[in-house]
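One structure is given here, and the rest of the page talks about it.
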Protein chains: 2
Amino acid sequence: MDTVNSAGTASAPRPGLRELKKRRTRDALLRTAVEMFTTRGYDHTTVDDIAAAVDVSPRTFFRYFSGKEDAALALETMTVAHFLDAVRARPAHEPPMEAMRRAVMEGWDTLSAVVESVAPIEQYLRMYQVIESTPVLLAAHLRRSAETEEQMALLIAEREGLDVDADPRPRVAVAVFSGVMRVTERQWSAGPDFSLAAMRELTATHLDQVGPALAGNWRAPQGA
Amino acid sequence: MDTVNSAGTASAPRPGLRELKKRRTRDALLRTAVEMFTTRGYDHTTVDDIAAAVDVSPRTFFRYFSGKEDAALALETMTVAHFLDAVRARPAHEPPMEAMRRAVMEGWDTLSAVVESVAPIEQYLRMYQVIESTPVLLAAHLRRSAETEEQMALLIAEREGLDVDADPRPRVAVAVFSGVMRVTERQWSAGPDFSLAAMRELTATHLDQVGPALAGNWRAPQGA
DNA sequence: GAGGTTAGTGTCACCCTCTGACAGTTGACA
DNA sequence: TGTCAACTGTCAGAGGGTGACACTAACCTC
């Protein structure tokens with residue numbers, strides 16, 4: 001019944017009844033899809049189920065999402081954009097690794113506001129569990145992450161005034177950072193604490209371990 | 001016509017006519033699949049095509065491979081096992097990063113011998129291109145890589161006598177290493193030199209850039 | 001406000017991947 | 001040689017995804 005048109009009308013000149021109906025349909029599909037995925041599981045939810053629950057033909061579902069996968073990763077798409085924006089907002093004098101680190105840490109804090117418009121943050125976190133535990137979704141997620149890495153590398157290169165194809169450092173730095181974030185995600189999704197705070201803390205812990213992990217001899221004192 | 005039974009009979013007590021036919025069928029399916037994938041493309045090759053070319057029912061294909069994907073990644077599965085073995089073979093006194101680095105560099109050199117039994121090395125490299133350029137295959141590849149990372153982390157932890165769940169360093173080190181390898185793969189697959197030698201060189205170059213990439217200030221002299 | 005244009009939607013038909021059930025066939029082994 | 005087990009083919013079907021076409025509702029102009 002109630003709409004959210006007062007929140008997200010930043011660039012649209014006029015909502016228009018047509019646009020409004022479209023948005024409503026898409027939101028309903030996404031909300032229902034996530035709801036079903038998190039309760040009965042991704043594999044046990046068919047596109048027909050989702051469409052039927054929204055009183056829409058299955059064909060319509062595919063007009064809003066390129067596939068079941070796309071719907072499952074829609075929330076994540078939002079957060080990725082959020083993080084990229086956060087990096088773009090970092091002051092230019094910050095070294096690459098520091099900029100990414102601060103952007104991510106800050107990103108966790110401001111994530112709720114971004115996601116809440118379509119689903120409660122708990123739903124988002126639960127959806128994350130589903131992704132991590134569903135092979136086909138995890139695969140798609142990792143592929144998207146690879147694309148995100150490329151964008152991030154371009155961003156870093158631009159910050160530093162470098163050519164990504166000439167200097168390997170941007171891609172390497174992003175790969176290192178993303179690799180560690182992947183470990184963090186996985187660790188977090190294994191539980192037992194599924195809160196945002198836990199994710200935040202794990203992120204810091206793991207990033208702090210990059211130095212020690214690269215150290216020549218792990219048996220030697222780490223303080224160095 | 002000619003078989004390869006003299007090459008890979010290391011542990012089997014007796015080949016047996018039944019086992020031999022099975023192996024032959026599997027090899028034929030795999031060879032044909034790779035052949036078709038690399039020539040007409042993954043998406044434009046159906047399971048029915050492959051089965052028909054080998055004079056086997058489509059149902060049979062699924063008895064040897066869990067799916068089209070599985071067949072496309074079969075060669076890669078062999079090389080992953082190869083790399084894990086190489087790491088296991090590294091002397092225990094080598095620090096983690098060094099052990100992985102040496103294992104990979106050495107792995108490129110000995111890869112041909114491992115793969116040649118089923119397909120020429122060029123075919124393998126070409127298949128790699130297909131994987132990298134086919135979204136669904138790339139996704140599956142990345143998911144498998146994630147599993148490999150976990151195995152590798154366990155391996156490193158064992159080498160160092162650590163508990164993977166207590167000490168984040170094994171997973172972080174492996175994540176860093178794998179992240180860089182991913183960049184290498186991607187760079188290599190973008191061309192223009194698709195040789196094993198090129199892959200080898202790119203590997204070294206990128207691994208050498210981990211230190212500089214983590215450096216605080218890229219604008220400062222890198223020599224440290 | 002009537003009428004043409006445009007876009008979202010439903011219906012129908014189809015391909016492809018993958019799975020289960022069941023029967024036929026063939027190698028293994030006593 | 002005959003039985004058992006395993007491999008295989010046929011059949012039927014679910015589910016994801018796509019193209020074509022017609023219908024309807026919103027938009028826009030006169």
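Chain identifiers are assigned alphabetically (A, B, ...) following the order of the sequence lines, protein sequences preceding nucleic acid strands; residue numbering begins at 1 within each chain. What you are looking at is a predicted structure, and each value in this text was computed from that prediction instead of being measured.
Residue A:Thr46 is classed as a sugar-phosphate contact, given heavy-atom separations below 4.0 Å to backbone atoms only.
Of the candidate nucleotides D:dT8, D:dT10, C:dG10, D:dT10 has the atom lying nearest to any side-chain atom of B:Arg59. Closest to the side chain of A:Arg63, out of D:dA20, C:dC22, D:dG16, is D:dA20.
Annotation: side chain to side chain contact (heavy atoms under 4.5 Å, CB included) contacts of A:Ser189 (sequence neighbours excluded): A:Gln129, A:Glu132.
The side chain of B:Ser66 places no N or O atom within less than 4.0 Å of a non-bridging phosphate oxygen (OP1 or OP2) of C:dT17. Between B:Tyr64 and D:dC7, a side-chain N or O to OP1/OP2 separation shorter than 4.0 Å is absent. Residue A:Ser57 places none of its side-chain N or O atoms closer than 4.0 Å to OP1 or OP2 of C:dG8.
Both B:Pro58 and A:Phe65 lie near DNA chain D, and the one whose nearest nucleotide falls closer to the 5' end is B:Pro58. For the pair B:Val56 and A:Gly67, nearest-nucleotide mapping onto DNA chain D gives the more 5' position to B:Val56.
Of the residues in residues 130-142 of chain B, none has a non-hydrogen atom less than 4.0 angstrom from any atom of DNA chain C.
Residues A:Tyr128 and A:Glu185 bring a donor and an acceptor atom of their side chains to less than 3.5 Å of each other. Residues A:Arg144 and A:Thr77 bring a donor and an acceptor atom of their side chains to less than 3.5 Å of each other.
For the pair A:Thr134 (side chain) and A:Leu137 (backbone), a donor-acceptor distance under 3.5 Å is absent.
For the salt bridge (Lys or Arg N to Asp or Glu O under 4.0 Å) condition, the pairs that include at least one residue of residues 46-68 of chain A, sequence neighbours left out, are A:Arg40-A:Asp49.
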